Amino acid sequence: MFLISRYIIPIIVLFAMTVSLTQCISETEIDIPYEPAKISVICHPVPNRPIYATLGYSSTVTSDSIIPNDFFPLVDIFSGSGKLFDSLRKNLDDNTNKPFWKSTEYPKADSAYSLRIINPEFPYDTITASTFIPKPMKVAVTADMDSIPPTIVAGRVIKQIPISITVDDIWKSDSLFAASIVFVRTNLAGGDTRSVPARFVAAGPTLSNLHVTPDNSILVEKKFWKGNFPRTLNLTLVVDYLEQYEEPLRISVEWRTASSEYYQYYLSLARQGNIGLPFNDPDILYNNIKGGYGNFSGYSTYNIDITL
């Protein structure tokens with residue numbers, strides 16, 4: 001009797017679990033609303049540089065919409081007063097043969113700009129967006145070249161360089177910052193220079209507030225600066241080069257003072273890519289393009305070179 005009971009009980013439990021699971025499964029129809037294809041644009045006006053814009057077409061759920069070869073929209077930039085600043089012209093990238101739009105005029109810091117795109121095939125679908133280019137914030141950068149000895153592995157030198165970036169007069173800004181840090185080395189054989197984004201490591205509390213963007217710049221969350229005295233970002237850069245064929249030249253730091261549109265877009269993009277649980281709802285990607293998708297946002301730069 002004992003043996004019979006010992007086997008019957010697990011069978012009953014298994015049967016109950018099977019029944020409960022099959023009762024939870026049901027077929028549900030999802031009615032996805034139709035959304036027509038729209039123009040997407042990424043454009044970041046920067047002072048004293050041409051304005052570049054990349055355009056594309058969104059794809060509907062039921063088709064694979066791609067940007068047509070005869071796609072020639074009118075891409076105009078206006079100043080804060082509403083006056084036409086420049087009309088962007090279509091160009092082709094020499095390496096990828098992909099189109100991009102470029103201005104001949106250079107925008108200025110502490111200025112507002114707006115974007116307007118008109119597709120001649122759909123003249124009533126006008127796309128607009130606006131942004132403000134803030135004044136650049138100055139930073140002081142210090143580097144400790146000798147605190148960590150280099151490591152040489154199979155002829156490759158791996159160097160760690162602690163750096164500190166201190167923001168001056170941070171209260172004059174909205175604390176919206178990003179940094180592009182590039183390692184430049186010289187090729188001893190050909191004499192040409194080669195640039196790559198510098199890798200970095202940081203303490204846990206600092207690292208949790210940093211996000212690497214698609215162009216390999218580092219977005220700093222605004223909350224990082226709260227209670228941070230002095231207003232300093234501490235990183236350890238990791239660079240490497242071939243001892244026999246290359247020579248380190250410099251570290252170039254481009255400190256970006258970002259507009260709200262730039263900060264919100266890349267922060268939402270970073271959060272979409274860092275979903276920890278598979279059943280969590282993704283964050284909505286920030287979009288300031290009216291009538292389309294993407295981001296039109298300005299930022300200003302302050303540059304410092306560290307000679308190695």
Side-chain angles (χ1 to χ4, degrees), residues 40-47 49-56 58 93 95-96 98 100-102 107 109 113 115 129 131-134 136-137 139 141 163 165 167 170 173-184 195-225 228 231 233-239 251-276 282-289 292-304:
S40 62
V41 55
I42 299 294
C43 180
H44 302 311
V46 180
R49 300 180 191 175
I51 300 175
Y52 290 87
T54 56
L55 276 67
S58 66
D93 187 274
N95 297 320
T96 64
K98 292 183 178 180
F100 66 92
W101 281 254
K102 179 183 175 182
Y113 294 93
L115 169 74
T131 189
F132 183 83
I133 303 179
M137 296 294 298
V139 294
V141 181
I163 68 168
I165 304 176
V167 186
I170 195 171
S173 73
D174 290 332
S175 303
L176 307 180
F177 301 115
S180 174
I181 306 176
V182 175
F183 170 52
V184 183
S195 302
V196 294
R199 295 172 293 160
F200 70 94
V201 294
T206 299
L207 196 61
S208 64
N209 289 288
L210 304 179
H211 305 284
V212 179
T213 66
D215 69 346
N216 290 307
S217 61
I218 306 166
L219 184 74
V220 187
E221 284 201 40
K222 183 176 181 178
K223 63 182 181 181
F224 170 77
W225 305 105
N228 183 339
R231 310 291 190 179
L233 174 63
N234 294 308
L235 303 173
T236 298
L237 304 182
V238 182
V239 300
I251 296 288
S252 295
V253 179
E254 181 186 82
W255 189 255
R256 299 177 180 177
T257 304
S259 64
S260 174
E261 296 81 20
Y262 181 97
Y263 178 83
Q264 292 184 71
Y265 175 72
Y266 283 106
L267 184 60
S268 67
L269 193 64
R271 287 175 173 171
Q272 273 211 339
N274 293 324
I275 301 171
D283 286 352
I284 297 175
L285 191 62
Y286 176 80
N287 175 37
N288 72 325
I289 306 296
Y293 302 110
N295 185 243
F296 176 67
S297 59
Y299 65 86
S300 57
T301 62
Y302 182 79
N303 298 279
I304 290 182

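Because the structure is a prediction, the values reported are computed rather than measured.
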Please find the pair of heavy atoms, one from Ser297 and one from Pro45, that lie closest to each other, and give the distance.
O-CD, 3.1 Å
Min side-chain heavy-atom separation Trp101-Ile51 under 4.5 Å:
no
How many angstroms lie between atom CD1 of Ile218 and atom CG of Leu233, to the nearest 0.5 angstrom?
7.5 Å
Any side-chain heavy-atom pair from Glu261 and Tyr286 closer than 4.5 angstrom?
yes
Just how far is it from atom CG of Leu176 to atom OG of Ser259, taken to the nearest 0.5 Å?
8.0 Å
Between atom CD1 of Ile181 and atom CG of Leu237, what is the distance when rounded to the nearest 0.5 Å?
5.0 Å
Where do Phe177 and Ile170 land on the side-chain contact (heavy atoms from CB on, under 4.5 Å) test, with the steps shown first?
CA-CA 10 Å; Phe177 301 115; Ile170 195 171; 3.9 Å; yes
Run Ile304 and Trp255 through side-chain contact (heavy atoms from CB on, under 4.5 Å) and show every step you take.
CA-CA 8 Å; Ile304 290 182; Trp255 189 255; over 6 Å; no
Sequence neighbours left out, what passes salt bridge (Lys or Arg N to Asp or Glu O under 4.0 Å) with Lys223? Give chain and number order.
Glu221
Contacts of Ser252 meeting side chain to side chain donor-acceptor pair (under 3.5 Å) (sequence neighbours excluded), chain-then-number -> Arg250, Asp305
Can you list the residues that meet the side chain to side chain donor-acceptor pair (under 3.5 Å) rule with Thr257, with sequence neighbours excluded?
none
Any donor-acceptor pair under 3.5 Å from Asn287 side chain to Gly294 backbone:
yes
Other residues, nucleotides, ligands: >12 heavy atoms within 6.0 Å of Asn303 CG:
yes
Residues in salt bridge (Lys or Arg N to Asp or Glu O under 4.0 Å) contact with Asp93, at least two apart in sequence or another chain
none
Considering residues at least two apart in sequence or located in another chain, which fulfil the side chain to side chain donor-acceptor pair (under 3.5 Å) criterion with Asn234?
Ser164
Using modelled atom types only, decide if a donor and an acceptor are shared between the side chain of Asn209 and the backbone of Pro205 within a distance under 3.5 Å.
yes
Quick one: do Leu219 and Leu267 satisfy side-chain contact (heavy atoms from CB on, under 4.5 Å)? Show the steps, please.
CA-CA 7 Å; Leu219 184 74; Leu267 184 60; 3.9 Å; yes
Under the side-chain contact (heavy atoms from CB on, under 4.5 Å) test, residues paired with Leu207 that sit two or more places apart
Phe200, Ala202
Ile251 vs Val184 side-chain heavy atoms within contact, under 4.5 Å
no
Do Val201 and Leu235 pass the side-chain contact (heavy atoms from CB on, under 4.5 Å) test, and can you show the C-alpha distance, the side-chain angles, and the key distance before you say yes or no?
CA-CA 6 Å; Val201 294; Leu235 303 173; over 6 Å; no
According to the salt bridge (charged side-chain N to carboxylate O under 4.0 Å, His left out) rule, which pairs have a member within residues 292-302, sequence neighbours left out?
none
Once ring pair (Phe, Tyr, Trp, His ring centres under 6.0 Å) is applied, do any residues pair with Tyr113, and if so which ones, sequence neighbours excluded?
Phe85
Okay, side chain of Asn216, backbone of Ser180: is any donor-acceptor separation there less than 3.5 Å?
no
Please round to the nearest 0.5 Å and tell me the distance separating atom OG1 of Thr301 and atom CD1 of Ile133.
10.5 Å
Could I get the full list of side-chain contact (heavy atoms from CB on, under 4.5 Å) partners for Val41, not counting sequence neighbours?
Cys43, Ala53, Leu55, Leu115, Ile117, Ile289
Here the pair of heavy atoms bringing Pro134 nearest to Gly298 is CD-O, 4.2 Å
So, taking the atom named OG in Ser300 and the one named CZ in Phe132, what distance separates them when rounded to the nearest 0.5 Å?
9.5 Å
Would you call Pro197 and Asp215 a side-chain contact if the rule is heavy atoms closer than 4.5 Å?
no
For the aromatic rings, using the six-membered ring if either is Trp, is the centroid distance between His44 and Tyr266 under 6.0 Å?
yes
Answer whether the closest heavy-atom distance between the side chains of Ile165 and Val253 falls below 4.5 Å.
yes
Could you list the residues that satisfy side chain to side chain donor-acceptor pair (under 3.5 Å) with Tyr262, not counting sequence neighbours?
Arg256
Pairwise salt bridge (charged side-chain N to carboxylate O under 4.0 Å, His left out) hits with a residue in residues 199-209, at least two apart:
Arg199-Asp240
Gap between atom CG of Asp174 and atom OH of Tyr263 - 0.5 Å precision:
10.5 Å
Report yes or no: do Ser268 and Gln264 form a side-chain donor-acceptor pair below 3.5 Å?
no
Ring pair (Phe, Tyr, Trp, His ring centres under 6.0 Å) partners for Phe100, two or more places apart
Tyr52
